[in-house]
Amino acid sequence: MHDFQYRKNDLCCEQVPVDKIAAAVGTPFYLYSQSALESHFAAFDSAFKQIQHLTCYSVKANSNISILKIFARHGAGADVVSGGELFRSLKAGVSPDRIVYSGVGKLAQEIEYAIDAGILMFNVESPQELDLISTLAGKKKKNARISLRVNPDINPGTHPYISTGLKENKFGINLHDALQEYTRAQQKKHIDIIGIACHIGSQIIDVGPFVEALQTLKYLVKKLNRRGTEIKYLDLGGGLGITYEKENPPHPRQYAQALIQELDRLPVTLILEPGRVLVGNAGILVTQVLYTKQSGRKHFIVVDAGMNDLIRPSLYGSYQGIQPVKKKTGTTVVADIVGPICESGDFIAKKRKVTACAPGDLMAVMSAGAYGFSMSSNYNSRPRIPEVLVSGGHYCIIRERESYNDLIQREKIAEHLQ
Ligand code: LLP
């Protein structure tokens, strides 16, 4: 995270001291570095420059429209999983012919929206979905471009909640049925088969499972091509991991080289759907110490960000680095860093060694750019926190802090209660 560095004792995002932003916008807030976002995209996308490819940023990782705009400007497409994500992508200027749409539960109105928008393709996840897309396209007298998302039954060796390519997972069409579904798709007048897709999981820190998935897809592409079904796009999904603590994931260059080698000049355009690797280490969560307290031998640091703001530690037991916004010397303590939510599962870090701190101190929760804000909620009626983007020496609020009125904006007191 070299765009988040100390200058003397002050943590800075690019050229802006983090405490300066905190003083202006209040805490907690998410903070992103534009330079990090751009360099991560460039590193990923350029790693594939020797082959025909399309990098479709996975919107779910961080869906702020400013972030989407940054990637769109650099030629990214988008991987969306809902009408809402499609709407955001189009608003941010992503070209529809660079948008792929995945997801096991696409709604009829979402499918219609995507057909009207003219997206590149639907990654179809079930026979019934195929039928529905075909019917809806037919009603519009249009053709829908599709790929089938196959489930290659590969163990990506990641947290069970974020592994998606095993046959016990709900995603995709199993290998056994895929060819038959392609045959059915081919017989449908309003369906154009253009691709094949898979996504095996997230935070994968080894190239092995990706190569294995590609082998499986390659085998199917060859089989399909032989019987006259032309596959132009091979979508390998996302999933490349990042360093949160001590993980040592492959650099995008190594990842790309392994895939390009396995692809072995197969005449397809390779689609990638990276999310975390582009945004994870381009963002932090800035939070303030509210209280410190002792319970027997246990030390707690209560901060103003909760599991509603960042759910990853609570949901996946994931590690997020913690750094002081202002470095100070002093004794260290081993503490649980917990939020204000009324749940014992509300923590940001457990048994973490940090410099002893006091109310008012600011902490940076590192590697929070992916699946941070996008998974946040209003639980405990906490207004959602702002998002701030730094570019060079400037910062800009790209989502305002919600107000109490925002919390009840769509609610009403039932007539019979008035
Ligand atoms: N494509 C598809 C079809 C996906 O389902 C996902 C992520 C991606 C691409 C992007 O994966 P990435 O490159 O970001 O690993 N909330 C979890 C991660 C859930 C990932 C869901 N699908 C977390 O915070 O770790």
Side-chain angles (χ1 to χ4, degrees), residues 1 4-13 17-32 243-247 280-281 283-373 375-388 401:
M1 300 191 74
F4 295 89
Q5 295 283 359
Y6 288 95
R7 272 208 218 146
K8 292 204 174 134
N9 290 326
D10 292 317
L11 183 66
C12 293
C13 176
V18 173
D19 65 351
K20 182 179 149 194
I21 305 174
V25 308
T27 58
F29 62 96
Y30 277 100
L31 181 61
Y32 311 122
T243 304
Y244 283 97
E245 187 181 9
K246 292 188 185 116
E247 304 90 335
N281 275 330
I284 63 174
L285 166 65
V286 181
T287 183
Q288 184 174 167
V289 177
L290 297 175
Y291 307 102
T292 61
K293 67 175 183 178
Q294 199 78 23
S295 171
R297 288 169 70 185
K298 220 170 159 69
H299 194 80
F300 289 103
I301 300 173
V302 185
V303 297
D304 64 359
M307 64 188 284
N308 71 300
D309 302 309
L310 178 68
I311 203 175
R312 302 194 69 257
S314 308
L315 191 58
Y316 314 111
S318 65
Y319 179 99
Q320 308 278 160
I322 307 272
Q323 289 185 18
V325 168
K326 225 174 220 330
K327 261 193 200 162
K328 51 180 189 181
T329 48
T331 52
T332 53
V333 289
V334 174
D336 281 9
I337 297 161
V338 301
I341 298 279
C342 299
E343 304 249 1
S344 294
D346 176 27
F347 60 89
I348 292 190
K350 287 213 154 157
K351 293 195 184 137
R352 193 66 64 84
K353 197 169 165 186
V354 289
T355 310
C357 52
D361 286 354
L362 298 176
M363 282 180 168
V365 182
M366 308 309 284
S367 313
Y371 306 107
F373 187 88
M375 293 182 83
S376 68
S377 77
N378 290 119
Y379 186 42
N380 276 199
S381 284
R382 287 165 48 83
R384 258 174 300 184
I385 66 178
E387 295 176 285
V388 180
R401 189 182 303 283

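Computed over heavy atoms, backbone and side chain alike; hydrogens, waters and symmetry mates excluded.
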Hey, is OH on Tyr291 packed in by over 12 heavy atoms from elsewhere, all under 6.0 Å?
no

d(Leu310 CG, Phe347 CZ) to nearest 0.5 Å is 10.5 Å

Heavy-atom check, side chain of Ser318 versus side chain of Tyr244, under 4.5 Å:
no

Atom pair OG/CD1 of Ser376 and Ile311 - distance to nearest 0.5 Å
9.5 Å

Identify the two heavy atoms, one from Cys12 and one from Pro17, that lie closest to each other, and give their separation to 0.1 Å.
SG-CA, 3.8 Å

With sequence neighbours excluded, residues passing side chain to side chain donor-acceptor pair (under 3.5 Å) with Gln5
none

So, do Pro340 and Arg382 sit near enough that their side-chain heavy atoms are less than 4.5 Å apart?
yes

Applying side-chain contact (heavy atoms from CB on, under 4.5 Å), run through Gln320 and Arg312 and close with a yes or a no.
CA-CA 9 Å; Gln320 308 278 160; Arg312 302 194 69 257; 2.9 Å; yes

Output, in order, the C-alpha distance, side-chain angles, deciding distance and verdict of side-chain contact (heavy atoms from CB on, under 4.5 Å) for Arg352 and Tyr319.
CA-CA 10 Å; Arg352 193 66 64 84; Tyr319 179 99; 3.2 Å; yes

Does Val302 form a side-chain contact (heavy atoms from CB on, under 4.5 Å) with Val289? I'd like the steps, not just the answer.
CA-CA 6 Å; Val302 185; Val289 177; over 6 Å; no

Using the test side chain to side chain donor-acceptor pair (under 3.5 Å), find all partners of Tyr379 that sit at least two apart in sequence or belong to another chain.
Glu343

Given side chains that start at C-beta, do those of Ile284 and Phe4 come closer than 4.5 Å, heavy atoms only?
yes

Which one of Phe29, Tyr30, Phe373 satisfies the side chain to side chain contact (heavy atoms under 4.5 Å, CB included) criterion with Pro386?
Phe29

Do Met363 and Ile301 have side-chain heavy atoms sitting under 4.5 Å apart?
yes

Which heavy atom of Asn380 sits nearest a heavy atom of Ile341, and at what distance?
OD1-CA, 3.4 Å

Please name the pair of heavy atoms, one in Ser314 and one in Gly345, separated by the smallest distance, quoted to 0.1 Å.
OG-O, 2.6 Å

Which atoms form the tightest heavy-atom contact between Gly360 and Gln288, and what is the distance?
CA-OE1, 3.5 Å

Under a 4.5 Å cut-off applied to non-hydrogen side-chain atoms, are Thr332 and Val354 in contact?
no

Step-by-step side-chain contact (heavy atoms from CB on, under 4.5 Å) determination, Leu362 to Thr27
CA-CA 9 Å; Leu362 298 176; Thr27 58; 3.7 Å; yes

Between Thr287 and Asp304: side-chain donor-acceptor atoms closer than 3.5 Å:
yes

Between the CG atom in Leu285 and the CD1 atom in Ile348, the distance rounded to the nearest 0.5 Å is 5.5 Å

Using only heavy-atom distances, determine whether the side chains of Glu387 and Tyr32 contain a donor-acceptor pair under 3.5 Å.
yes

Treating Asp346 as the side-chain partner and Met307 as the backbone partner, does any N or O pair qualify as donor plus acceptor under 3.5 Å?
yes

Heavy-atom closest contact (Thr243 atom, Ser367 atom, distance):
O-OG, 3.8 Å

Going through the distances and angles, do Asp309 and Arg384 end up as a salt bridge (charged side-chain N to carboxylate O under 4.0 Å, His left out)?
CA-CA 7 Å; Asp309 302 309; Arg384 258 174 300 184; over 6 Å; no

What distance do Cys13 atom SG and Ile21 atom CD1 have between them, rounded to the nearest 0.5 Å?
6.0 Å

Sorted by first residue and then second, give each salt bridge (charged side-chain N to carboxylate O under 4.0 Å, His left out) pair with at least one member in residues 325-336; sequence neighbours left out.
Asp10-Lys326, Asp19-Lys326, Lys298-Asp336, Lys328-Asp361

Search all heavy atoms of Ala364 against all heavy atoms of Leu11 and return the closest pair with its distance.
CB-CD2, 3.6 Å

